[in-house]
Protein chains: 2
Amino acid sequence: MTKREDGKETRRRLLITACEVFAEKGYRKAKVADICIQAGVNVASVNYYFGSKQTLYKEAWQHVLENFQEPVLADTAGGSPQRRLRRHIQTLIQNFTAGGDIGLFSRLYLMEMVNPSGLMQDAWHEIIEPRRRELQDIIRGIAGPDVGELGIRFCELSIVNQCRMFVTIKNSDLEYMLDQPLKPDLIKRLADHIADFSLAGIRAVGTRRDGHPEAPAAGCGTSLAGDPPDP
Amino acid sequence: MTKREDGKETRRRLLITACEVFAEKGYRKAKVADICIQAGVNVASVNYYFGSKQTLYKEAWQHVLENFQEPVLADTAGGSPQRRLRRHIQTLIQNFTAGGDIGLFSRLYLMEMVNPSGLMQDAWHEIIEPRRRELQDIIRGIAGPDVGELGIRFCELSIVNQCRMFVTIKNSDLEYMLDQPLKPDLIKRLADHIADFSLAGIRAVGTRRDGHPEAPAAGCGTSLAGDPPDP
DNA sequence: ATTAATTTAAAACAGTCATTTGAATTTGAT
DNA sequence: ATCAAATTCAAATGACTGTTTTAAATTAAT
């Protein structure tokens, strides 16, 4: 009979705020209370409108995917592979280190990467694959045709993990290791270094004949990664 | 008057087991109950003998430092910088990936690195500094005299963060990215790759004139690192 | 004014763990 | 054998941290 519409507005505010808070803190650390307070609504609203924190998170992702997926792969398309590599690395690092101006999607993506909620596994691959492919193409362009698929992936790992230091190392530790404050200028120089370092690395992989003189035995793989996904 | 000695044995078992469990799970995830069960003693024993979980952890570290600090820097001393670099990387990765046979110290060290308890800050620097210096020396040997201190540290970061992928990326994700199971052989090849890649990277840094043609603006630094230390 | 949709504050609930307690047991000395 | 101190034990106690319910109060549309 009676159809009030004012609830929609609350729901909307909640969803939007959830995007922001989840993007800022990640699924695990974002508290329902945080979101509600920041949205200016009652704690009970989450369950009233979404049933649970989990579904709120999923809906937040969906909302961001539909409305905010800015072109992060962006303008990396033109120019020589070398230039593209440099730009790609810069973009990566920028996403990893940028302050408040970074897009919702990038941060949500990043937080999910750092410690996964385990709720996005379906969509996850579709999201990262285009990015991976682009970097792989760039690497292939530099390494040349003689490098096998595995070599490309090795290089991909080398590069991505250099960039990920901004995510996996605490800022204070990074400053300790570099013995100076992590100002934007320093980040820029580090990005440049990574580009140079990686360019040379890729080229070396491209020119190498296979087979190495020394290769002692290695241990067996054991998982040591971070926190388990939420239940 | 009465001096029972059987308590000493319990305390000893507790301490030893604590070393193992802390080494396996890290401070946060290791539960007092875990340790006690594994040691075959009552839960109350921890507080009876050590007062708290915190002091047990500190004593465990101390015990390991005194008795188990195997020479992890090991035999990296001899040979050309190139060979030393390769061996250093192999050792690092071996420590990061090895299974049950890895030393207590290495794993404890590793766990503290991955998510710090915040209880070891004093001893921490003294522990890692020798390792850092060794790698830096190797890098300097390869890069040559023209590379400044910052360049050396950049290279250090590049290398360490490539090796740290085994710690910062879940094993399953690594396998997904490489599209094959993470067998010891694959780890060995990846270690070789990292050595080659890095060697070329360092050399490139050594030969480069400073100044880069393209360098767009970068974002400002923002902490995105993992869990905060325990209270 | 009625009714269903919202909002609210407070409580309940669910987990996880470290730590305490107080009684029971063992030990070693007398 | 006996006594007291040292040790063990199972169970309880808290102390958190957060999500989800609840039931009553409020509001908007008819």
Side-chain angles (χ1 to χ4, degrees), chain A residues 1-22 24-60 111 115 117-119 226-231, chain B residues 1-19 21-22 24-61 111 115 117-119 226-231:
Chain A
M1 316 277 124
T2 58
K3 31 194 157 156
R4 281 173 67 173
E5 291 293 322
D6 56 332
K8 298 279 185 294
E9 164 61 15
T10 305
R11 195 194 138 96
R12 203 185 58 83
R13 259 222 312 291
L14 205 40
L15 187 59
I16 289 175
T17 315
C19 294
E20 293 165 3
V21 177
F22 280 134
E24 189 192 344
K25 310 201 178 189
Y27 177 76
R28 196 191 294 261
K29 286 190 199 151
K31 308 304 172 200
V32 177
D34 292 343
I35 298 169
C36 291
I37 290 171
Q38 186 163 325
V41 306
N42 190 275
V43 263
S45 308
V46 163
N47 295 277
Y48 182 72
Y49 285 108
F50 297 92
S52 72
K53 183 187 177 184
Q54 292 202 0
T55 54
L56 174 58
Y57 184 69
K58 288 183 200 159
E59 290 217 28
M111 298 309 296
N115 32 349
S117 68
L119 302 171
D227 294 320
D230 288 78
Chain B
M1 318 281 116
T2 58
K3 32 193 156 155
R4 282 175 66 173
E5 291 293 323
D6 57 331
K8 298 280 185 295
E9 163 62 15
T10 306
R11 194 194 138 96
R12 204 186 57 83
R13 261 222 312 292
L14 205 41
L15 186 58
I16 290 175
T17 315
C19 295
V21 176
F22 281 135
E24 190 192 344
K25 309 200 180 191
Y27 178 76
R28 197 193 295 262
K29 286 190 199 151
K31 308 305 170 197
V32 176
D34 292 342
I35 298 169
C36 292
I37 290 171
Q38 186 163 325
V41 307
N42 191 273
V43 263
S45 308
V46 163
N47 295 278
Y48 183 73
Y49 285 108
F50 298 91
S52 71
K53 183 187 177 184
Q54 293 202 359
T55 55
L56 174 57
Y57 184 69
K58 288 182 199 159
E59 291 217 26
W61 257 98
M111 298 309 296
N115 31 347
S117 68
L119 302 171
D227 294 319
D230 288 74

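Order of the sequence lines fixes the chain letters, A, B, ..., with proteins taken first and strands second; residue numbering starts at 1 for each chain.
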TODO: Between D:dT20, C:dA18, D:dT8, spot the one nearest the side chain of B:N42, thanks.
DONE: D:dT8
Task: First encountered from the 5' end of DNA chain D, between A:G51 and A:K31 - done: A:K31
- [ ] Determine the contact category for B:F50: base if any of its heavy atoms lies under 4.0 Å from a base atom, sugar-phosphate if only primed atoms, P, OP1 or OP2 are that close, otherwise nothing.
- [x] nothing
TODO: Take atom CD of B:E5 and atom P of C:dG28, then tell me their distance rounded to the nearest Å.
DONE: 8 Å
Task: Separation of atom CD1 in B:I35 from atom C1' in C:dT19, rounded to whole Å - done: 14 Å
Open item on the list: Pick the closest DNA chain C nucleotide for B:V46 and for A:D6 by heavy atoms, then say which residue is nearer the 5' end.
Closed with: A:D6
- [ ] Check whether any side-chain heavy atom of B:D6 sits under 4.5 Å from a side-chain heavy atom of B:T10, and report yes or no.
- [x] no
TODO: For A:Y49 and C:dT7, give me the distance from atom OH to atom C1', rounded to whole Å.
DONE: 8 Å
- [ ] Could you check how far CG of B:L14 sits from P of D:dT7, rounded to whole Å?
- [x] 13 Å
- [ ] Return the nearest nucleotide to the side chain of A:T10; candidates are C:dA9, C:dT6, C:dA18.
- [x] C:dT6
- [ ] Measure from the side-chain heavy atoms of A:K53 and tell me the nearest of D:dT20, D:dA10, D:dT21.
- [x] D:dT20
- [ ] Report the C-alpha distance between B:T17 and B:V41 in whole Å, list the side-chain angles of each, state the deciding distance to 0.1 Å, and finish with yes or no for side chain to side chain contact (heavy atoms under 4.5 Å, CB included).
- [x] CA-CA 10 Å; B:T17 315; B:V41 307; over 6 Å; no
Open item on the list: Whole angstroms only, please: what is the CG-C1' distance between A:L119 and D:dT19?
Closed with: 15 Å
TODO: Can you tell me the distance, in whole Å, between the CD atom of B:E9 and the C1' atom of D:dA6?
DONE: 16 Å
TODO: Assess whether one donor atom and one acceptor atom, taken from the side chain of A:R4 and the base of D:dA28, lie less than 3.5 Å apart.
DONE: no
- [ ] Output the single nucleotide from C:dT20, D:dT20, D:dT8 whose closest atom is nearest the side chain of B:N47.
- [x] C:dT20
Task: Between P of C:dA9 and CD1 of A:I37, the distance in whole Å - done: 11 Å
TODO: Mark yes or no: A:K53 above the aromatic ring of A:Y27, with NZ or CZ under 6.0 Å from the six-membered ring centre and no more than 45 degrees from the axis.
DONE: yes
Open item on the list: Please pick, from D:dT8, D:dT19, C:dT6, the nucleotide with the shortest atom-to-atom distance to any side-chain atom of B:Y48.
Closed with: D:dT8
Task: A:K25 NZ - D:dT17 P separation (whole Å) - done: 13 Å
Open item on the list: Does this structure show an ion pair linking B:R4 with B:E9, if we count only N-O contacts that are shorter than 4.0 Å?
Closed with: no
Open item on the list: Just to be sure I understand the rule, does A:S45 reach a base, reach only the sugar-phosphate, or reach nothing, if contact means heavy atoms closer than 4.0 Å?
Closed with: nothing
Open item on the list: Tell me whether A:K25 is salt-bridged to A:E20, with the criterion being a basic N under 4.0 Å from an acidic carboxylate O.
Closed with: no
